[in-house]
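What follows is one structure encoded as structure tokens, with my remarks underneath.
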Number of protein chains: 2
Amino acid sequence: MKTLRVPEATVTRLSIYSRYLERLDRNGVTTVSSGEIAEGVGVSPAQVRKDLAYFGEFGTRGVGYNVKDLMRYTKKILGLDQDWPLILVGAGNLGYALCTYKGFNSRGFKIVGVFDNDLTKIGKKIAELEVLPMEKMPEVIQEYKARIGIIAVPPRAAQDVADYMVKNGLEAILNFAPVALNLPEGIEIRNVDLSVKLEILTFNLGFKSAQRL
Amino acid sequence: MKTLRVPEATVTRLSIYSRYLERLDRNGVTTVSSGEIAEGVGVSPAQVRKDLAYFGEFGTRGVGYNVKDLMRYTKKILGLDQDWPLILVGAGNLGYALCTYKGFNSRGFKIVGVFDNDLTKIGKKIAELEVLPMEKMPEVIQEYKARIGIIAVPPRAAQDVADYMVKNGLEAILNFAPVALNLPEGIEIRNVDLSVKLEILTFNLGFKSAQRL
DNA sequence: GGTTATAAGTTATAAAATTCACATGCTAGG
DNA sequence: CCTAGCATGTGAATTTTATAACTTATAACC
């Protein structure tokens with residue numbers, strides 16, 4: 001089988017296209033061109049076509065793409081034709097926000113267990129979910145067949161949490177703690193860093209000011 | 001003046017190096033090599049040196065980098081030798097989490113105003129800050145000379161909030177709503193998308209499963 | 001039914017980013 | 001003072017990614 005590697009940037013954009021298509025669909029739009037998608041998400045039309053070309057032919061020449069179909073295709077490609085149970089560790093403010101974040105649910109993500117080692121948090125409820133002690137994680141993972149974990153704990157605790165997740169069979173981790181995690185081969189890990197983008201802004205603002213001198 | 005463009009990926013990594021250096025410094029480490037930084041943040045040593053080379057020579061051949069110095073340099077480059085007042089719109093759970101997020105404060109970011117148009121939220125306190133109605137934004141921006149805004153509202157409201165921010169003089173926006181914002185030339189905008197990275201994970205998990213067949 | 005306009009798909013080109021490999025310069029030790 | 005060892009800084013080579021240009025297919029219209 002010819003396996004051509006898909007750039008991560010392409011997958012990122014695919015996710016964005018996918019959500020944009022959902023919006024178009026909600027608005028009753030039935031057909032869309034690469035140019036319109038490009039316009040809607042802020043990339044070039046060629047980029048849209050190139051990205052889609054990694055996965056097949058989804059459009060009709062001279063016409064464009066059927067919104068509903070392309071939406072389904074993109075979701076399927078991203079693995080979103082199924083629901084994904086998520087394990088969350090960290091019942092602080094960020095954990096709370098993630099639990100209640102609508103953007104997850106609408107894409108088929110569902111947090112099925114919230115864990116913390118802080119005794120003052122255990123037992124409390126977050127959006128109908130009781131915060132559980134870490135020891136309960138194995139059984140929750142089993143019950144829901146969870147494969148993905150989210151880390152929303154302070155930096156110093158993140159590595160231990162990650163290790164525990166891996167030990168209990170999780171295969172992928174989304175890490176909100178601003179530290180690089182060290183994990184065994186084969187475990188998928190991605191970081192969401194809340195302040196890096198902010199620092200890109202300050203960098204650019206500084207640069208802009210310098211330009212004016 | 002020779003103005004060579006700095007890749008955004010380089011700025012991103014610089015931010016990560018910078019925080020890693022802070023950690024080393026806290027731990028009392030005084031000298032570090034490009035290889036150690038690379039190891040610590042998960043990139044190649046050449047990458048570290050190349051990234052730094054955009055901005056000058058900071059190390060000593062045969063020795064490495066002075067941790068404290070390089071930390072200061074990186075912060076300076078990123079514009080973090082000063083404090084940055086931030087304007088936040090959206091007093092929902094995400095907004096609340098951002099208000100209390102320690103990762104901001106430790107880098108010199110300070111949220112100086114929280115705004116919402118939801119009457120049930122206005123007047124409430126989030127971490128010593130009272131949630132204000134949108135109309136109060138102009139005076140808060142003036143008072144603190146704020147230049148950066150954060151959007152933490154539902155997608156459908158994001159564009160209006162962005163327009164309002166720009167109208168009132170903000171020059172840069174960090175957008176947590178999963179939509180592409182349309183803004184005038186010269187306004188810096190970056191998106192933080194909480195679910196894109198998650199979808200990269202599901203994509204990769206799906207791919208992994210396919211490989212096994 | 002042929003023709004034209006349109007937009008996808010594809011190939012080629014260009015640009016960008018990363019890696020590699022080496023020369024340079026510093027420090028320490030004899 | 002000279003030499004050996006080491007890690008930076010850098011220019012070249014490679015790889016990757018994005019843009020542009022072109023070809024092909026479809027549909028609508030005369």
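Residue numbers begin at 1 in each chain, while the letters A, B, ... track the order of the sequences. These numbers come from the heavy atoms of this one structure, side chains and all, not from hydrogens, waters or symmetry mates. Being a predicted model, the structure only gives us computed values, none of them experimental.
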Which sits closer to the 5' end of DNA chain D, P7(A) or S34(B), going by the nucleotide each is nearest to? S34(B)
Side-chain H-bond candidate by donor/acceptor type, S15(A) with R107(A), under 3.5 Å: no
Once you round it to whole Å, what is the distance between C1' of dT26(D) and CG of N66(A)? 15 Å
Could you say whether V63(A) or A53(A) is positioned toward the 5' end of DNA chain C, judged by the nucleotide with the nearest heavy atom to each? V63(A)
Value in whole Å for how far the P atom of dA13(D) lies from NZ of K50(B): 13 Å
Roughly, in whole Å, what's the span from OH in Y54(B) to P in dG11(D)? 13 Å
From CZ of F58(B) over to P of dT10(D), roughly how many Å is that when rounded to an integer? 11 Å
Rounded to whole Å, the CG-C1' distance (L14(A) to dA18(D)) equals 17 Å
Would E199(A) and K75(B) pass as an ion pair if we require N to O under 4.0 Å? no
Any salt bridge linking R13(B) with D51(B)? Criterion: basic side-chain nitrogen under 4.0 Å from a carboxylate oxygen. yes
Can you say whether a donor on the side chain of R61(A) sits under 3.5 Å from an acceptor on the base of dT24(D), or the other way round? yes
Any side-chain donor-acceptor pair under 3.5 Å between S34(B) and R49(B)? yes
In this structure, how many angstroms lie between the P atom of dT16(D) and the CD atom of E8(A), rounded? 14 Å
Taking side chain to side chain contact (heavy atoms under 4.5 Å, CB included) as the criterion, tell me which of L88(B), I111(B), V112(B) meets it with L129(B). I111(B)
Euclidean distance, atom CD of residue Q47(B) to atom P of dT10(D) [Å, nearest integer]: 16 Å
Counting only side-chain nitrogens and oxygens, does R5(A) get under 4.0 Å of the OP1 or OP2 atom of dT16(D)? no
I'd like the 5' and 3' limits of the part of DNA chain C contacted by chain A, with heavy-atom contacts below 4.0 Å. dT6(C) to dA12(C)
Rounded to whole Å, CG of D51(A) lies from P of dT16(D) at a distance of 17 Å
Audit row: L181(B), V179(B), side-chain contact (heavy atoms from CB on, under 4.5 Å) steps and yes/no: CA-CA 6 Å; L181(B) 299 179; V179(B) 289; 3.9 Å; yes
One thing to verify: whether E188(A) and K197(B) come together as a salt bridge, which I'm taking to mean a side-chain N less than 4.0 angstrom from a carboxylate O. no
